[in-house]
Amino acid sequence: MSRLIQTLAILLALLATPGLANPAIADPAPQSPLILISIDGFRADYLDRAISPALSALAAGGVHATRMTPSFPSVTFPNHTTLVTGLVPDHHGIVNNAFIDPAMPGPFSMASKEERWWGESTPIWITAERAGLHTGVMFWPGVSVAHGGVRPGLFHDYDHAIAPDDRVDTVLGWFDLPADQRPRLALVYFEQVDTAGHNFGPDSPQVDAAIRTIDTAVARLIAGLKARSIHANVIVVADHGMAAVGPDNLVLLDDVVDLTAAHVVFDGTVIGFDPAPTPAGKAARRALLTRAPHMHCWDKHAIPADLDYGTNPRVPAVVCQVQTGWLAMTRAEYARSQARHPGLEKGAHGYDIHDPAMGALFIANGPAFRRGLTLPPFPNVDVYPLMATVLGITPHSGDGHLSDVAAALDTTVHDR
Ligand SMILES: [Zn+2]
């Protein structure tokens, strides 16, 4: 065979392979797009406040969970990465909002965009792009990170100044593109409910106001899809819940251990220490493991198995879970926080993943899903295989189990 004929034969074989997109051939039955909405810090029981009619309608007409269990630690970047990779933080490598990697210059922060930090896992938008599906991401941790040169076809880096309705309008605008450019997978993120929870506490009128604002944005998205005759599958999630913090519930870590002998890698509600390999460091480790107040500390290799944490080199040597409603900080970090805002924050997360106060929102609605079903609590690693199934793409192996959430799928409907 000549080289040309060989090439043509390969091309024809590729075109005949199911799952490979061929823009030259019109899709006989356009498939529903999947839209993943994250409302940061939307505790599952906020839905019961009956102040979010759009979310309640999605839940009533679809599937929702009594709550979804976050992965450890119950903070934002690790859990957003879990939702889109199906891996627990120990396995996807974003082990906290800030951390260090002993093999790399650092530290990692929420502004870090280099592939070296994010490359231990592959988000679903990359897998979808590689499978030939268009994707659009309106904010998500790691959104602009290239994985082997691949990025979402449409995306925006996080900008808190862009109002919720404008984020929605950007996503809707993607569905006004020519048919062969519209996203099959779109993601959109809102931080306002979390911010109000931290600043004013989960039971504050400010949280209720933020819930109403985001519900209005969700209603705008649903109405915009309807106006375009788009029958989308919509999944609404949160990354974690929110717990009230007592006004005096502060542990100053300097009072617990000699911080010159045990470096604090991260603090707040989950504490990471790297004790020095010295007698003073060993004494600091012993003090943490035996008598740290309002927290429970473990050597990284002895963290309870259900937390799935501690094998990644990025996890510090000693990890402490702070008691719900408390904060633990270095004196220096506390001073910095006082310069920004006097007093402790009124709400926090990062607490025990099994505490219902950390339980996250989960709603799924659309042609792929059953109607009127309530699921018992399930871990958020399951969202990824559910999304891959709805999109019809092959998921990479992960920590989630489709079987946990398969009841959500409407198996009688083929046009997903
Ligand atoms: Zn968050």
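Count residues from 1 along the sequence. All values below were derived from every heavy atom in this structure, side-chain atoms included, with hydrogens, water molecules and symmetry-related copies excluded.
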Task: Nearest heavy atoms of R130 and V150, plus distance in Å - done: NE-CG2, 4.0 Å

Task: pair M110-N97: side-chain heavy atoms closer than 4.5 Å - done: yes

Task: Plane angle bin for Y158 and H160 - parallel if under 30°, tilted between 30 and 60°, otherwise perpendicular - done: tilted

Task: S337 (side chain) donor-acceptor with Y334 (main chain) under 3.5 angstrom - done: yes

Task: R182 side chain to L177 backbone, donor-acceptor under 3.5 Å - done: yes

Task: Short side-chain donor-acceptor distance under 3.5 Å, E120 and N312 - done: yes

Open item on the list: With a 4.5 Å cut-off on side-chain heavy atoms, are P33 and L185 touching?
Closed with: no

- [ ] Taking the side chain as every heavy atom from C-beta outward, state whether H240 and D194 have any pair of such atoms under 4.5 Å apart.
- [x] yes

Task: Ion pair R340/E345, N-O distance below 4.0 Å - done: no

TODO: Starting at CG of L47, measure out to CD1 of I39 and round the result to the nearest 0.5 Å.
DONE: 9.0 Å

Task: Interatomic distance, L221 atom CG to T216 atom OG1 [nearest 0.5 angstrom] - done: 12.5 Å

Task: Check: A317 main-chain N/O paired with D274 side-chain donor or acceptor under 3.5 Å - done: yes

Open item on the list: Using only atom types and a distance under 3.5 Å, with no angle test, would you say the side chain of Q321 pairs donor to acceptor with the backbone of G350?
Closed with: yes

- [ ] Using salt bridge (Lys or Arg N to Asp or Glu O under 4.0 Å) as the criterion, list what pairs up with D101, not counting sequence neighbours.
- [x] R314

Task: All side chain to side chain donor-acceptor pair (under 3.5 Å) counterparts of D382, not counting sequence neighbours - done: none

- [ ] For D40 and F190, indicate whether the former's side chain and the latter's backbone hold a donor-acceptor pair under 3.5 Å.
- [x] no

TODO: Kindly give the heavy-atom pair with the smallest separation between P107 and I100, and that separation in Å.
DONE: CB-CG2, 3.7 Å

Less than 3.5 Å apart, which donor and acceptor atoms pair up between the side chains of residues 131-142 and the rest of the protein, not counting sequence neighbours?
from, atom 1, to, atom 2, distance (Å)
H134, NE2, D180, O, 2.6
T135, OG1, E129, OE2, 2.7
W140, NE1, H80, O, 3.0

Task: salt bridge (Lys or Arg N to Asp or Glu O under 4.0 Å) against D157, all qualifying residues, sequence neighbours excluded - done: none

Open item on the list: Test of understanding: with salt bridge (Lys or Arg N to Asp or Glu O under 4.0 Å), list the residues that count as partners of D255, not counting sequence neighbours.
Closed with: R331

Task: F72 and its side chain to side chain contact (heavy atoms under 4.5 Å, CB included) partner, picked from N79, V88, V319 - done: V319

Task: Counterpart residues, side chain to side chain donor-acceptor pair (under 3.5 Å), relative to D45 (two or more places apart) - done: R43

Task: Minimum-distance pair of heavy atoms, taken over all atoms of K300 and P316 - done: CB-O, 3.3 Å

TODO: Kindly say whether L391 contributes a backbone atom to a donor-acceptor pair with the side chain of Q31 at under 3.5 angstrom?
DONE: no

Task: With sequence neighbours excluded, residues passing ring-ring contact (aromatic ring centres under 6.0 Å, His included) with H294 - done: W326

Open item on the list: If you apply the rule side chain to side chain contact (heavy atoms under 4.5 Å, CB included), what do you find for T269 with L327, and how did you get there?
Closed with: CA-CA 6 Å; T269 50; L327 296 172; 3.7 Å; yes

- [ ] Keeping the roles fixed (side chain from T85, backbone from T81), state whether a donor-acceptor pair exists under 3.5 Å.
- [x] yes

Open item on the list: Main chain of A161, side chain of D159: is a donor-acceptor contact present, judged purely on distance under 3.5 Å?
Closed with: yes

Open item on the list: Taking the side chain as everything from C-beta on, heavy atoms only, tell me whether R285 gets closer than 4.5 Å to L289.
Closed with: yes

Task: Side-chain touch R49/D208, heavy atoms, less than 4.5 angstrom - done: yes

- [ ] May I ask you to check whether T69 and H354 show a side-chain donor-acceptor distance below 3.5 Å?
- [x] no

- [ ] Could you pull out all residues at least two apart from D248 that satisfy side chain to side chain donor-acceptor pair (under 3.5 Å)?
- [x] none

Task: Nearest-0.5 Å distance that lies between atom CE in M68 and atom CG in D239 - done: 8.5 Å

Open item on the list: For L55, is there any backbone N or O sitting under 3.5 Å from a side-chain donor or acceptor partner on D215?
Closed with: yes

Task: From CA spacing to verdict: side chain to side chain contact (heavy atoms under 4.5 Å, CB included), M329, L253 - done: CA-CA 6 Å; M329 279 183 260; L253 295 170; 5.6 Å; no

Task: 4.5 Å side-chain heavy-atom contact, P304 and W298 - done: yes

Open item on the list: Counting C-beta onward and ignoring hydrogens, is there a side-chain heavy-atom pair between V251 and V256 closer than 4.5 Å?
Closed with: yes

Open item on the list: Give me the atom names and distance for the closest heavy-atom approach of A44 to A360.
Closed with: CB-O, 3.6 Å

Task: Lys/Arg-Asp/Glu bridge criterion (N-O < 4.0 Å) met for D410, R371 - done: no

Open item on the list: Return the CG to CZ distance between D404 and F378, rounded to the nearest 0.5 Å.
Closed with: 8.5 Å

Open item on the list: Taking side chain to side chain donor-acceptor pair (under 3.5 Å) as the definition, give me every residue that meets it alongside T82, ordered by chain and number, with sequence neighbours left out.
Closed with: H92

Task: Candidate pair N380 and V237, rule side chain to side chain contact (heavy atoms under 4.5 Å, CB included), full reasoning - done: CA-CA 9 Å; N380 67 351; V237 293; over 6 Å; no

Task: Residues H156, V143; criterion side chain to side chain contact (heavy atoms under 4.5 Å, CB included); working and verdict - done: CA-CA 8 Å; H156 278 265; V143 59; over 6 Å; no

Task: Distance in Å, L83 CG paired with S71 OG, rounded so as to fall on 0.5 Å steps - done: 7.5 Å

Task: Closest contact, heavy atoms only, V95 versus V315 - done: CG1-CG2, 4.0 Å

Task: salt bridge (Lys or Arg N to Asp or Glu O under 4.0 Å) partners for R116, two or more places apart - done: E114

Open item on the list: Tell me whether E115 contacts the main-chain N or O of G148 through its side chain, where contact means a donor paired with an acceptor under 3.5 Å.
Closed with: yes

Task: Nearest-0.5 Å distance, SG of residue C297 to CZ of residue F273 - done: 6.0 Å

Open item on the list: For V390 versus R184, what's the shortest heavy-atom pair and its separation?
Closed with: O-NH2, 4.2 Å

TODO: Taking ring-ring contact (aromatic ring centres under 6.0 Å, His included) as the test, write out the residues that go with H396, two or more places apart.
DONE: Y384

Task: Flag side-chain contact, heavy atom, 4.5 Å: W125 against V84 - done: yes

TODO: List in chain and number order the residues that pass ring-ring contact (aromatic ring centres under 6.0 Å, His included) with F99, two or more places apart in sequence or in another chain; answer none if no residue qualifies.
DONE: F108, W117

